[in-house]
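The figures here come from the full heavy-atom set of this structure, side chains too, leaving out hydrogens, waters and symmetry mates. Convention: sequence-line order gives letters A, B, ...; per-chain numbering from 1. Source: prediction; values computed, not measured.
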Number of protein chains: 2
Amino acid sequence: MTGVSQATVSLVLNGRDDGSVRIAPETRERVLLAIRDTGYVADPVARRLAARHNRILGVFTYEPVFPAGTGDFYHPFLVGIEESAERLGCDLLLLTSAPVTDGRRRIFHDDNRLRLADGCVLLGRSLDRDELGRLVAEGHPFVSVGRRDDAGGPVPYVGADYTTATADVVRRTLDAGHTRLAYLGQGAGPESHADRFAGYRTALDAAGLPTRHEPTDRSPADLLDALLTAGVTAVMVEEYADGVALAAVAAERGLTVPADLSILALGDPTRPTTRDLEFTGFRIPRREMGWQAVEVLTGLLAAMPGTATQRLLPCQPVDGVTLLPPRH
Amino acid sequence: MTGVSQATVSLVLNGRDDGSVRIAPETRERVLLAIRDTGYVADPVARRLAARHNRILGVFTYEPVFPAGTGDFYHPFLVGIEESAERLGCDLLLLTSAPVTDGRRRIFHDDNRLRLADGCVLLGRSLDRDELGRLVAEGHPFVSVGRRDDAGGPVPYVGADYTTATADVVRRTLDAGHTRLAYLGQGAGPESHADRFAGYRTALDAAGLPTRHEPTDRSPADLLDALLTAGVTAVMVEEYADGVALAAVAAERGLTVPADLSILALGDPTRPTTRDLEFTGFRIPRREMGWQAVEVLTGLLAAMPGTATQRLLPCQPVDGVTLLPPRH
DNA sequence: TCAAGGCGCTAATACGAATTATCACGCCGA
DNA sequence: TCGGCGTGATAATTCGTATTAGCGCCTTGA
């Protein structure tokens, strides 16, 4: 249309104006006019092929991205991720095509789409160790939402400081006068659980008090029996929903929370449950985590030296109504 | 590594085995082994450039995809879309990079990423007419979630049949004995509003009863006054939250819903609101709509002749507690 | 007088895969 | 000996863009 070469169009299109490249203003105008007339837009795919990056951030979750039944625990993370992506002018690629093998999605498989994105945000309570190691080994730019132990190398992450937050909750409980505390949950396995338990143990050790660990495989009723028998007056629950179930059973028995038993929630519910009782404890800064995850990722991509690639954000204390001094 | 050419690797990788191409089983094995050893994966972008498709479906919303404050109205659509995409082995590209101009996101702009995806799902109460027309004119494969009027050509969509659903609600209201009904909402503008109003009008016309249209720009208190003055006994509300507000004002006045005033909800809340009162009316089959939208889109992409590209799904009636016969 | 550099643009190439026309080879029959 | 044929693999081209070395002419300064 304008009688210029493809290269010139490319230069005009990209507004190249630095010293090394010059386009006569008159030519530039002609080209711009033709672009406007035709509504021409460069093919993003070809563009990406040449440029080797494409302003796409991958989002990989080990559970469905839009959880139907998990009480939207992941939703706030995604809100944060989306907000950051929008601000940065990036698109998000939800890696939904990853096939499910042995009950979980796998990043690596024979038609792995990871390289579609410049980098990747990983979401999920527990990430597969092997896959994490491979990501590190192969040098894929990625960030985990949630702290992760090293996997053959440091793992970039934006996590919540469960250890400190849990220790704080324990201290508040001790300050209220409790001396017999129990921890209800796995306390091990995923980093988020281990970290909570570490905070619990540390705070009680510092106070010279014994720890007590209750597994989650019993019925709430049996659990309550065990707690009462042991004289426990305050329980820290790893999973919010377990606290709700415990409170419900206590109510059935004619006990009141927190007068007879204090219950402290170590985070937000990951399973759907009622929220009419506002538990004392802390909240996970989920949106902020998603937000910073994208920040860390783009920092990695730009190879910005100043960016901290392992971040722990403080949790937000919640006063709530489930902590009172023990009866005796 | 194997001493074969790039072409051979490509052929092996894609399992080409038709008559026109032959690979010696021994060679194929060698190549497959090397692929396994190195963990090689074809670059999806280059692949797309050559093959002209890449199993990526774009998702464009005129509001944030992960709504922070809009009460998650869009969430169920996305759940459906994700489920379909996963089943089909497609990835989803959230077009978050689209810049916001004049208060809304635009699909078309100078660095339009639409073509990164094979096709696109459009989400939003009202889509921009011009952009819709351009999508049709330029032949982009896309589907709208929600019925749309023609835009220079038929628009592929998966919508909810608001007209029929609203007419049904009106009939149920008439069957309960009401004769003075009002419609609260815009009743025009977006297709979803116009369709509801059309159903409302049709059902009342058929019954030989007058229609009454209340705009939404007044305070709930003023609105209630107007309704009572006019002797209205049942109100159909376009927007759930408006119904909640109306019920709240009624309660303040000492009136009871539905004894003194029946309120019928024409769909799910799009604004955050309380849901402790279960409104009579209908629900939008959002998940199913997302599900079928992907189906229509892939039908378009595969140019399958049998696929209906305009679908209206029935809404689900809700019995609820806000409809009773009028007092007099 | 001549080398150096400015000028505006383009030819050529790279990016990484998919596809196709073609080739070398060995074998068989005439 | 030669042509034809089935095999198995490859060289070359394509997709649409970004990038860069250099084109030939002219000006400048030493």
Any idea which of [options] is nearest the [X] side chain?
{"X": "L11(A)", "options": "dT20(D), dT10(D), dG16(D)", "value": "dT20(D)"}
{"X": "A50(A)", "options": "dT20(D), dA11(D), dC15(C)", "value": "dC15(C)"}
{"X": "I23(B)", "options": "dT20(D), dA9(D), dC15(C)", "value": "dA9(D)"}

Short side-chain N/O contact to [N] OP1/OP2 from [X], under 4.0 Å:
{"X": "R52(B)", "N": "dC15(D)", "result": "no"}
{"X": "Y40(B)", "N": "dG16(C)", "result": "no"}
{"X": "S5(A)", "N": "dC9(C)", "result": "no"}
{"X": "T8(A)", "N": "dC9(C)", "result": "no"}

Hey, does [X] reach any base, or is it just sugar-phosphate, or nothing, if we go heavy atoms under 4.0 Å?
{"X": "A24(B)", "result": "sugar-phosphate"}
{"X": "V4(A)", "result": "sugar-phosphate"}
{"X": "L49(A)", "result": "base"}
{"X": "L13(A)", "result": "nothing"}
{"X": "R16(A)", "result": "sugar-phosphate"}

Query raised in the report: Which residue, D43(B), D91(B), D118(B), forms the salt bridge (charged side-chain N to carboxylate O under 4.0 Å, His left out) with R48(B)?
Result: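 Among D43(B), D91(B), D118(B), the one that satisfies the salt bridge (charged side-chain N to carboxylate O under 4.0 Å, His left out) with R48(B) is D118(B).
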Report task. Name the orientation class of the two ring planes belonging to H140(A) and F108(A) (parallel below 30°, tilted from 30 to 60°, perpendicular beyond 60°). Result ->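 H140(A) and F108(A): tilted rings.
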Query raised in the report: Parallel, tilted or perpendicular: which describes the rings of Y74(B) and F77(B), with under 30° parallel and over 60° perpendicular?
Result: tilted
Query raised in the report: Are the charged groups of R147(A) and D149(A) less than 4.0 angstrom apart, N to O?
Result: yes
Query raised in the report: Between R87(B) and E83(B), does at least one N-O distance fall below 4.0 Å, as a salt bridge requires?
Result: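 Here R87(B) does not pair with E83(B) in a salt bridge, since their nearest N and O are not under 4.0 Å apart.
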Query - hbond_proxy Q6(A) side chain to dA18(D) base (donor-acceptor, 3.5 Å cutoff) - result: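 Answer is yes: a donor-acceptor pair is held.
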**Report entry** First encountered from the 5' end of DNA chain D, between S10(A) and R22(B)
**Finding:**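 With R22(B) and S10(A) compared, the 5'-side residue is R22(B).
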Query raised in the report: Side-chain contact, heavy-atom cut-off 4.5 Å: R47(B) with L13(B)?
Result: yes
Query - Side chain to side chain, R28(B) and L32(B), heavy atoms closer than 4.5 Å - result: yes
Query raised in the report: Does E131(B) use its side chain to pair, donor to acceptor, with the backbone of I107(B) at less than 3.5 Å?
Result: yes
Query - Among V121(B), V136(B), L300(B), L57(B), the one residue meeting side chain to side chain contact (heavy atoms under 4.5 Å, CB included) with F142(B) - result: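 That would be V136(B).
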Report task. Run through I81(A), V145(A), L123(A) and flag the one making a side chain to side chain contact (heavy atoms under 4.5 Å, CB included) with M289(A). Result -> V145(A)
Query raised in the report: Which of residues 25-37 of chain A have a heavy atom under 4.0 Å from DNA chain C?
Result: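 By residue number: T27(A).
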Round to a whole Å and report the spacing from [atom1] of [X] to [atom2] of [N].
{"X": "R48(B)", "N": "dT14(D)", "atom1": "CZ", "atom2": "C1'", "value": "15 Å"}
{"X": "L114(B)", "N": "dG16(D)", "atom1": "CG", "atom2": "C1'", "value": "17 Å"}
{"X": "R47(A)", "N": "dT19(D)", "atom1": "CZ", "atom2": "C1'", "value": "13 Å"}

Report summary line: In DNA chain C, stems of three or more consecutive pairs, Watson-Crick or G-U, each with both distances under 3.5 Å, turn out to be C:1-30 with D:1-30
